[in-house]
Protein chains: 2
Amino acid sequence: MREGERPEIAKLPLFAEMKEEQRERVFSASHLQVFPPQLILFDVGQKPDFLYVLVDGLIELFTTNGDRDSTMAIVEPVSSFILAALVTNQPFLMSARTLQSSRVMLIPADLLRDVIKQDGALMQEAMRELAVGYRHMVRTLTDMKLRQSTERLGNFLLLESHKRNGAMNLQLRGEKKLLASLLGMTPENLSRALSALAKHGVSVAGGNITITDHDALVTFARPDPFLDGVEV
Amino acid sequence: MREGERPEIAKLPLFAEMKEEQRERVFSASHLQVFPPQLILFDVGQKPDFLYVLVDGLIELFTTNGDRDSTMAIVEPVSSFILAALVTNQPFLMSARTLQSSRVMLIPADLLRDVIKQDGALMQEAMRELAVGYRHMVRTLTDMKLRQSTERLGNFLLLESHKRNGAMNLQLRGEKKLLASLLGMTPENLSRALSALAKHGVSVAGGNITITDHDALVTFARPDPFLDGVEV
DNA sequence: CGAGTCAATTGATAATTATCAATTCACCGG
DNA sequence: CCGGTGAATTGATAATTATCAATTGACTCG
């Protein structure tokens, strides 16, 4: 891989604490690849050959059942994905596709599993990343089971705003039907939910969403301090 | 803690590979406690003081939102729970209550985090356990997003049967409303779903459910080999 | 600049799930 | 053995969400 890419990847929490020597071993065996939009990187059921690190672009993790499919997560740069499949060396439970042209670092799975065993700091970060991922899943599942669609949307907007340092103006990454699938609803219902939120401090102009009355949205969506709290 | 309890706990994958010396350190600082049914062990938002290991009994992990609540998992012996909260040292995202009188081992959180850092084998098992837990969550979320309630029930029965070595006769642990909540439906709809499955090879007598026609149930529920596959 | 394409919206209807209200059933204690 | 308590079931209705169909809107390509 190119030298210039390394610093931002090495800054990832996962790789930040490991021994330089081991990092060198991992990085020199990895390669960076550019994929066009709408390309399937891997499918459910395949064995993981690599750990993936999204350096630039946008990637969707999704699952399929018969003719339906559902977005499980949207991966933004810079972050790794499918660590759990790599650690357990079990088939993927999700498929991945690029939403935009994306640069991805591919780290050979066997090598990485080996280095994880040898480098305690790396293992600890892998453990932490899995714990954080697990907790994220708990949040998402709770969100699905305990809230209805418009509430989910409201809380999603509040959380996005929080992530962006409280910005009241949000620009959607990707299409609205993607967001709909992520939130577990149809595109039609997302449209209706967005207009329903107009009464609760949200205004929409295309892919640009503005929270005009934060308090009103909070009153409607009732975010939970723990469930919707931002993980460190 | 009593000596007699240790062997079965030490056999847990989590503690199986660690150094005997470290295990001794952990176990001797832990204590075993018996809780009556319907007792809250901890609530959402509390910081984890212990890792919990259920030795005997039955425990429910659940979440709350306003006046609704939902069962997230049912913990059967012998297994540990809330490892992710312990590792991240973040507040619980789920509450726990005993469903039956339960014996629980309490391992001090600070100590265990410390030992995890020192014992590579333990850390590796913790990492693996978190990865397996993450994957379980992915399955559950997919199940919720992609299937409707009667299908979820059908697949639940198939999976339970598989777990019990293909037994066609299943005895429910706990009440039906618990199962309903776990599957994300109301008790009323669980009743209706169970009677709907009568046409697809399932017969019910109280808490005793029999799969009378496995193929018919498979045809109806369409289990996915990966999603519903049993993790090693 | 206009046709074509696809996302997004809107309206109408259907399916699914939840809620409310009775019973019925099972089990326990007196 | 009887009455009481709460789970489970059943039926009727309401709320939520999905589906189907049509239209609008935005953008690209020739």
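The shown structure was predicted, so the numbers you read here are calculated from the model rather than taken from an experiment. Naming: A, B, ... by sequence-line order, numbering from 1 per chain.
- One interatomic measurement links the two molecules: NZ of B:Lys176 to C1' of D:dT9, which rounds to 9 Å at whole-angstrom precision.
- Between A:Arg68 atom CZ and C:dT16 atom C1' there is a gap of 10 Å when expressed in whole angstrom units.
- The closest side-chain heavy-atom distance from B:Gln38 to B:Arg97 is below 4.5 Å.
- Rounded to whole Å, atom P of C:dA18 lies 12 Å from atom CG of A:Leu146.
- Contact between the side-chain N/O atoms of B:Lys177 and the OP1/OP2 oxygens of D:dA7 is found at a separation under 4.0 Å.
- The 12-atom threshold is exceeded at NE2 of A:His200, counting heavy atoms of other residues, nucleotides or ligands nearer than 6.0 Å.
- Within the 4.0 angstrom heavy-atom criterion, only backbone atoms of the sugar-phosphate kind lie near A:Ser149; the bases stay farther away.
- Between the CD atom of A:Gln148 and the C1' atom of D:dT17 there is a distance of 10 Å, rounded to whole Å.
- Counting heavy atoms of neighbouring residues, nucleotides and ligands inside a 6.0 Å radius, atom CZ of A:Arg173 exceeds 12 of them.
- Summarising the geometry, the separation between CD on A:Glu151 and C1' on D:dA15 is reported as 13 Å, rounded to the nearest angstrom.
- B:Leu179 places its CG atom 14 Å from the C1' atom of D:dA7, with the value rounded to the nearest Å.
- The closest side-chain donor-acceptor pair between B:Ser95 and B:Asp43 falls under 3.5 angstrom.
- Here the P atom of nucleotide C:dT16 and the CZ atom of B:Arg152 are 13 Å apart, to the nearest Å.
- B:Gln148 is not listed as a side-chain neighbour of B:Leu153, based on a closest heavy-atom distance of 4.5 Å or more.
- If you measure from atom CG of B:Leu153 to atom C1' of C:dT17, you get 15 Å, rounded to the nearest angstrom.
- For DNA chain D, the residues of residues 188-198 of chain A within the heavy-atom distance limit of 4.0 Å (strictly under) are A:Glu188, A:Asn189, A:Arg192, sorted by number.
- Proximity of a side-chain donor or acceptor of B:Arg152 to a complementary backbone N or O of B:Arg147 within less than 3.5 Å is detected.
- Within 4.0 Å of B:Arg147, counting heavy atoms only, lies no atom of the nucleic acid at all.
- Judged by distance alone, with hydrogens and angles left aside, the side-chain atoms of B:Lys176 form a donor-acceptor pair with the main-chain N or O of B:Gly206 at under 3.5 Å.
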